[in-house]
Amino acid sequence: MGARLKALAGGEDHPLEDFNLVGRGEEAGVRLNDSGVSRQHATIRREGTHFWLVDLGSANGSFVNEVAITTARVLKDGDRLQFGTSLFRFDQKDGEHGHDVTGMKTQVLKRGPSPVKTVAVTMLVGDIKGFTHLSSQLSPEQVADLLREWYAECNAIMKQQGAMIDKFIGDCVFAYWPSVDTATRGRAVAAARALRTSDFSASPTRKLLLESKGLHLDCRIGLHVGDVALGAMGKGINTALGDAVNVAFRIESLTRTVDRPVLASAAFLEGWWEEAHTQFEACGLHDVKGHPDKLDLYALKV
């Protein structure tokens, strides 16, 4: 099953992959030579049989069927998409039979929402330290460019390591893997290292920050494993919920207190001690807001 964007003028045809950056910049997979399109304008990401469109805070917005989108939007076969002055039709059909796959899926979903199920997952929470102070030294356009570049970078890293991005919250990313085996936790560590050591030269705004103001992004990261509830929480809302998610966010926030860029829980290292010992070192017990017990934390060696 494939999907593509077909230009309504000019005959351009863009096959879609699992993750697609739409924009005017060289890094865009769907690159548009349109002055009304931002360098990193929007993303189209596949989840199961659906493709979701997310606007990256573009200057002129993204439109589906002449309506500006303000949140993630699932695309249906035949939808008209507009970026700047560029118009496309979203085409997603079963190539052999010409069936509308999204329509078939929608009919199934009308029987009832997907059941919520408990799944053991590996979680990563990443947040840019001091983003408020950093933003105060930039124009609104530069802040938007910075976040667009960082979102695209997070998407690329998480895709490479097989993670699902649950959500972006301002300057924070929450991602998970639907497994807790040691190989999966190894991929989470690799993703954390990649977020910490990403190439500044690949990001024009970040390179400008470093050269003109001596500023750089300091992404702080929390790693944890645990049981979460996965499923449809409402129309168009799919997210991981549970105490383990809250703990993952608390671990990330403790990176400021402990002053270590990447922290993991003892649960994250359980059953993996021999190999993990070479990558992590103990940071002791720490209070966690909202929890009666202290949390045993370990810092990733850099």
Side-chain angles (χ1 to χ4, degrees), residues 1-25 27-95 98-110 113-114 141 144-145 147-152 154-156 158-159 164-170 173 231-239:
M1 178 190 68
R4 59 190 63 246
L5 294 182
K6 293 188 174 181
L8 297 184
E12 289 182 81
D13 193 348
H14 299 276
L16 296 177
E17 301 180 357
D18 288 344
F19 173 77
N20 310 269
L21 176 63
V22 180
R24 192 162 38 86
E27 69 277 21
V30 180
R31 191 178 181 190
L32 306 178
N33 185 20
D34 184 327
S35 61
V37 172
S38 299
R39 286 187 296 107
Q40 294 178 335
H41 194 101
T43 63
I44 300 176
R45 182 159 56 98
R46 177 177 177 172
E47 291 187 10
T49 60
H50 290 296
F51 284 81
W52 291 80
L53 173 65
V54 177
D55 185 83
L56 298 178
S58 64
N60 295 312
S62 301
F63 296 79
V64 177
N65 300 327
E66 288 76 49
V67 177
I69 64 169
T70 56
T71 60
R73 168 75 176 264
V74 66
L75 298 175
K76 297 180 181 180
D77 184 62
D79 278 347
R80 290 167 54 95
L81 278 58
Q82 180 175 352
F83 311 105
T85 61
S86 301
L87 298 173
F88 297 91
R89 184 180 75 250
F90 175 71
D91 187 8
Q92 184 183 18
K93 292 181 182 293
D94 180 327
H99 294 154
D100 178 352
V101 178
T102 57
M104 292 171 66
K105 185 68 174 179
T106 302
Q107 290 174 7
V108 173
L109 291 176
K110 287 180 180 178
S114 301
E141 291 79 10
D145 283 343
L147 283 180
R148 282 195 292 268
E149 291 168 2
W150 191 65
Y151 286 176
C154 287
N155 266 306
M158 295 307 163
K159 178 183 177 182
M164 296 289 294
I165 292 182
D166 186 280
K167 61 174 71 70
F168 286 106
I169 311 169
V173 60
M233 306 300 170
K235 186 176 181 181
I237 302 174
N238 289 275
T239 188

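All heavy atoms count here, side chains included; hydrogens, waters and symmetry mates do not. Remember, it's a predicted structure, so these values are computed and weren't measured experimentally.
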Less than 4.5 Å apart, any side-chain heavy atom of [X] and any of [Y]?
{"X": "L5", "Y": "F90", "value": "yes"}
{"X": "K159", "Y": "D18", "value": "yes"}
{"X": "T43", "Y": "V22", "value": "no"}
{"X": "W52", "Y": "R73", "value": "no"}
{"X": "H14", "Y": "R4", "value": "no"}
{"X": "W150", "Y": "V173", "value": "yes"}
{"X": "F88", "Y": "L32", "value": "yes"}

Nearest 0.5 angstrom please: [X] [atom1] to [Y] [atom2], how far?
{"X": "R24", "Y": "H41", "atom1": "CZ", "atom2": "NE2", "value": "10.5 Å"}
{"X": "F63", "Y": "D79", "atom1": "CZ", "atom2": "CG", "value": "14.5 Å"}
{"X": "R80", "Y": "L75", "atom1": "CZ", "atom2": "CG", "value": "14.0 Å"}
{"X": "Q82", "Y": "N65", "atom1": "CD", "atom2": "CG", "value": "11.0 Å"}
{"X": "I165", "Y": "M158", "atom1": "CD1", "atom2": "CE", "value": "6.0 Å"}

Hey, are R46 and E17 close enough for a salt bridge, meaning a charged N less than 4.0 Å from a carboxylate O? no
Stepwise, does the salt bridge (Lys or Arg N to Asp or Glu O under 4.0 Å) test hold for D13 with K6? CA-CA 5 Å; D13 193 348; K6 293 188 174 181; 5.0 Å; no
Stepwise, does the side chain to side chain contact (heavy atoms under 4.5 Å, CB included) test hold for L53 with L81? CA-CA 10 Å; L53 173 65; L81 278 58; 4.3 Å; yes
Between [X] (side chain) and [Y] (backbone), is there a donor-acceptor pair under 3.5 Å?
{"X": "D55", "Y": "S62", "value": "yes"}
{"X": "N155", "Y": "Y151", "value": "yes"}
{"X": "D34", "Y": "T85", "value": "yes"}

After noting the C-alpha distance and the side-chain angles of S38 and F83, does the key distance pass the side chain to side chain contact (heavy atoms under 4.5 Å, CB included) rule? CA-CA 9 Å; S38 299; F83 311 105; over 6 Å; no
Step by step, would you call R45 with L21 a side chain to side chain contact (heavy atoms under 4.5 Å, CB included)? CA-CA 9 Å; R45 182 159 56 98; L21 176 63; over 6 Å; no
Let me see the working for R39 and E149 under side chain to side chain contact (heavy atoms under 4.5 Å, CB included), right down to the final yes or no. CA-CA 9 Å; R39 286 187 296 107; E149 291 168 2; 3.4 Å; yes
Applying salt bridge (Lys or Arg N to Asp or Glu O under 4.0 Å), can you list everything that pairs with R89, at least two apart in sequence or on another chain? none
